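One structure is given here, and the rest of the page talks about it.
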Amino acid sequence: RSIQHQAFVVQKIQDERRHALICAPTNGGKSLVGQILAVQAAMKGKRAAFLTPLRAIAEEQKDQIATLVSHLPAKNRPKVRLTTGDYRVSDEFLDDEAPPEEILVATYERFDAMTRREDAAEWLKSFSCIVVDEVHLLADRRRGPGLEFLIALLRSLPSAPRIVMLSASVSNPADLASWLDPCT
């Protein structure tokens, strides 16, 4: 069975708000699951984020999500925006007038930097889903602590967003799911 079948037909993760950990081999289709969950959140009038470790992956994900939403009716189509170390959107746009129906694709570090601004609290409340790609980087000695802090910050928000983690090689899925509890 495909990971999409397992996620959407068997587990029905699109119908719940629990956090999710999706582990599948490279090219196994887990990114599409995360993309669909982000689009679903944005179509409900909230913001979603798709976080990646690298700018090149962020650009690729932004293009894939933009293609996915291009098939939706124009009035229901969420905006897809990219922000990385190279690309910034509307001067970091925390206080802009963009509709909440958007999907922000960002690198871990750029999103983390945005959460540290004084005016970020209200902006963060508008997110209902955060997809974290390549979550096995939590084990990386250089980048892992920052990523762990970001996820812990998101989990501690008064109205915490749903966190969807994607990985091809996480070595301890049961521990990670336990940390996210409740988690599918």
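Computed from a prediction, not measured in an experiment: that's the story for all the values here.
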Side-chain heavy-atom pair P53, T107 within 4.5 angstrom cut-off | no

H19 side chain to I163 main-chain N or O, any donor-acceptor pair under 3.5 Å?
-> yes

In Å and rounded to the nearest 0.5 Å, what is the CD1 to CD distance from I36 to Q4?
-> 7.0 Å

Atom pair CZ/CZ of R116 and F149 - distance to nearest 0.5 Å | 5.0 Å

Thinking salt bridges, do E101 and K79 make one under a 4.0 Å N-O criterion?
-> no

Please indicate whether D15 has more than 12 foreign heavy atoms, meaning atoms of other residues, nucleotides or ligands, lying under 6.0 Å from its CG.
-> yes

Closest non-hydrogen contact found for A120 with T115 is CB-O, 3.5 Å

In plain terms, say whether K62 and E59 are close enough for a salt bridge, that is, a side-chain N and a carboxylate O under 4.0 Å apart.
-> no

Counting only N and O atoms by type, is there a donor-acceptor contact under 3.5 Å from the side chain of Q14 to the main-chain atoms of F8?
-> yes

Kindly indicate whether the side chain of L72, heavy atoms from C-beta on, has any atom under 4.5 Å from the side chain of M43.
-> yes

Is the backbone of A41 close enough, under 3.5 Å, to the side chain of K44 for a donor and an acceptor to pair up by distance?
-> no

Quick check, are the ring centers of F50 and F111 under 6.0 angstrom apart?
-> no

Check the pair L68 / V39 against side chain to side chain contact (heavy atoms under 4.5 Å, CB included), numbers first and verdict last.
-> CA-CA 8 Å; L68 192 61; V39 170; 3.9 Å; yes

Donor-acceptor pair, side chain of R162 and main chain of R18, under 3.5 angstrom | yes

Separation of L82 CG from R55 CZ (nearest 0.5 Å) = 11.0 Å

In this structure, CG of L180 is separated from CZ of R155 (nearest 0.5 Å) by 5.5 Å

Would you say V170 and L138 make side-chain contact, with heavy atoms under 4.5 Å?
-> no

Between P161 and the options V131, L124, I130, the side-chain contact (heavy atoms from CB on, under 4.5 Å) test singles out I130

Take M114 and T83 through the side chain to side chain contact (heavy atoms under 4.5 Å, CB included) test and state the conclusion after the steps.
-> CA-CA 10 Å; M114 293 169 70; T83 184; 3.8 Å; yes

Mind checking the OG-CD spacing from S128 to Q40? Nearest 0.5 Å is all I need.
-> 8.5 Å

State which residues pass side-chain contact (heavy atoms from CB on, under 4.5 Å) with Q11; sequence neighbours excluded, sorted by chain then number.
-> Q6, I13, T184

Is there side-chain contact between R143 and E109, with heavy atoms separated by less than 4.5 Å?
-> yes

Over all heavy atoms of both residues, which pair between L21 and A177 is shortest? Give the atoms and the distance, please.
-> CD2-N, 4.1 Å

Can you tell me how far the CG atom of D133 sits from the CD atom of Q61, to the nearest 0.5 Å?
-> 5.5 Å

Establish, from distance only, whether the side-chain atoms of R47 and S126 form a donor-acceptor pair under 3.5 Å.
-> yes

So, the side chain of K30 versus the backbone of P25: is there a donor-acceptor pair under 3.5 Å, distance only?
-> yes

Does the pair L150 and L51 meet the rule for a side chain to side chain contact (heavy atoms under 4.5 Å, CB included), with working shown?
-> CA-CA 11 Å; L150 177 60; L51 308 180; 3.9 Å; yes

Kindly indicate whether the side chain of I22, heavy atoms from C-beta on, has any atom under 4.5 Å from the side chain of I3.
-> yes

V10 and H5: side chain to side chain contact (heavy atoms under 4.5 Å, CB included), yes or no, with the steps?
-> CA-CA 7 Å; V10 177; H5 182 268; 3.8 Å; yes

Give a yes/no verdict on a cation-pi contact between R117 and W123, requiring under 6.0 Å between NZ or CZ and the six-membered ring centre and an angle within 45° of the axis.
-> no

Answer yes or no: is there a donor N or O on one side and an acceptor on the other, between the side chain of T67 and the main chain of D63, under 3.5 Å?
-> yes

Minimal heavy-atom distance between A49 and F127, with the atoms involved, is CB-CE2, 3.8 Å

Just by distance, do the side chain of N172 and the backbone of D175 share a donor-acceptor pair under 3.5 Å?
-> no

Does a side-chain heavy-atom distance below 4.5 Å link V132 with S167?
-> no

Hydrophobic cluster identity match, L104 and L157, side-chain contacts under 4.5 Å = yes

What closest approach, in Å, do I103 and A42 show between heavy atoms, and which atom pair accounts for it?
-> CG1-CB, 3.8 Å

Of the non-hydrogen atoms in L166 and S31, which two are nearest, and what is the gap between them?
-> CD1-CA, 4.0 Å

Nonpolar side-chain network containing L54, other nodes, edges under 4.5 Å = I57

